[in-house]
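Quick notes on the structure that follows.
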Amino acid sequence: MNEEIIEQIAREKKDSPEVIVEKKMVTWLIFSIGEKKYAVKSGDVLEIIRDLSVYKLPFMPSYIEGVLNRRGDPFTVINPRPLIGDKDVTPPSVPLFLIFKRNDDQLSIHISDILFFAEMEEDALNQIPEKNEEGFYLGTITTNGEEIPVLNPNAFELLIRKDLGSL
């Protein structure tokens, strides 16, 4: 009796189709600021722009370099180095900017170089426990055996709003 049940289960298992679960993939943009590597979701980036002038604004916090003109639209340019704990806080010398995709703000950060894109499973992000939305890091990803910090674009906007009193 038990043998018949086992055989029946084995036959049913052979007949049932194998379910393949597709993992959702995320593409990460890996770039450098100074000598350090960082990442953001490529879906958070609207555009990468090179060789635009930054127009200084008076009475701004030191991390705001000014604004750039992207096809007639002003974008706030942030020097992330002092915010992410870099010892050298001078803006990168190369005029290269990540323009973030935002619904309510026009924001960019000044970076040194674009390194590569990496496609990974959605759960590849090692999140920071007990992180808050004001933290500059979401966590890390690991690619080519190297752990790379993931920047939080929302934190830059929240800091600007807080410092300029528009929260």
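FYI, side chains are in, hydrogens and waters are out, and symmetry mates aren't considered; it's all heavy atoms of this structure. Everything numeric here is computed off the predicted structure, so don't read it as measured data.
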The complete set of salt bridge (Lys or Arg N to Asp or Glu O under 4.0 Å) pairs with one or both residues in residues 74-86, sequence neighbours excluded, reads Arg81-Asp86, Arg81-Asp88
Review point. Is there a path from Phe117 to Ile99 through hydrophobic residues (I, L, V, M, F, W, Y) whose side chains come within less than 4.5 Å of each other?
Key: no
message: Using 30° and 60° as the class boundaries, would you call the ring planes of Tyr38 and Tyr137 parallel, tilted or perpendicular?
response: parallel
Interatomic distance, CZ@Arg70 vs CD@Gln106, rounded to 0.5 Å, equals 8.0 Å
With the threshold set at 4.0 Å, does a side-chain nitrogen-carboxylate oxygen contact exist between Arg71 and Glu47?
yes
Under a single-linkage definition using a 4.5 Å side-chain heavy-atom cutoff for Ile, Leu, Val, Met, Phe, Trp and Tyr, are Leu107 and Phe136 assigned to the same hydrophobic cluster? yes
### Message
Measuring centre to centre across the rings, with the benzene-like ring taken for any Trp, is Tyr63 within less than 6.0 Å of Phe156?
### Response
no
In terms of heavy-atom contacts, Pro153 and Asp44 come closest through CG-OD2, 4.1 Å
Treating Ile, Leu, Val, Met, Phe, Trp and Tyr as nodes and any side-chain heavy-atom pair under 4.5 angstrom as an edge, say whether Val40 and Leu96 lie in one connected cluster.
-> yes
Decide if atom OH of Tyr55 counts as having more than 12 heavy atoms of other residues, nucleotides or ligands within a radius under 6.0 Å. no
Should Ile160 and Ile78 count as side-chain neighbours, where that means a heavy-atom distance under 4.5 Å?
yes
Shortest non-hydrogen pair, Ala39 vs Ile141, comes out as CB-CD1, 3.8 Å
Between Pro95 and Leu52 the two heavy atoms that sit nearest each other are CB-O, 4.0 Å
Between Gly139 and Ile128, the two heavy atoms sitting closest are CA-CG1, 3.7 Å
Review point. Between Glu121 and Lys24, is the closest basic N to carboxylate O distance under 4.0 Å?
Key: no
Is the shortest side-chain heavy-atom distance between Thr140 and Ile148 below 4.5 Å? no
Measuring only between side-chain heavy atoms, which start at C-beta, is Ile48 closer than 4.5 Å to Phe97?
no
Answer whether the closest heavy-atom distance between the side chains of Pro92 and Asn79 falls below 4.5 Å. yes
Scanning both residues in full, the closest heavy-atom pair of His110 with Pro91 reads ND1-CB, 4.0 Å
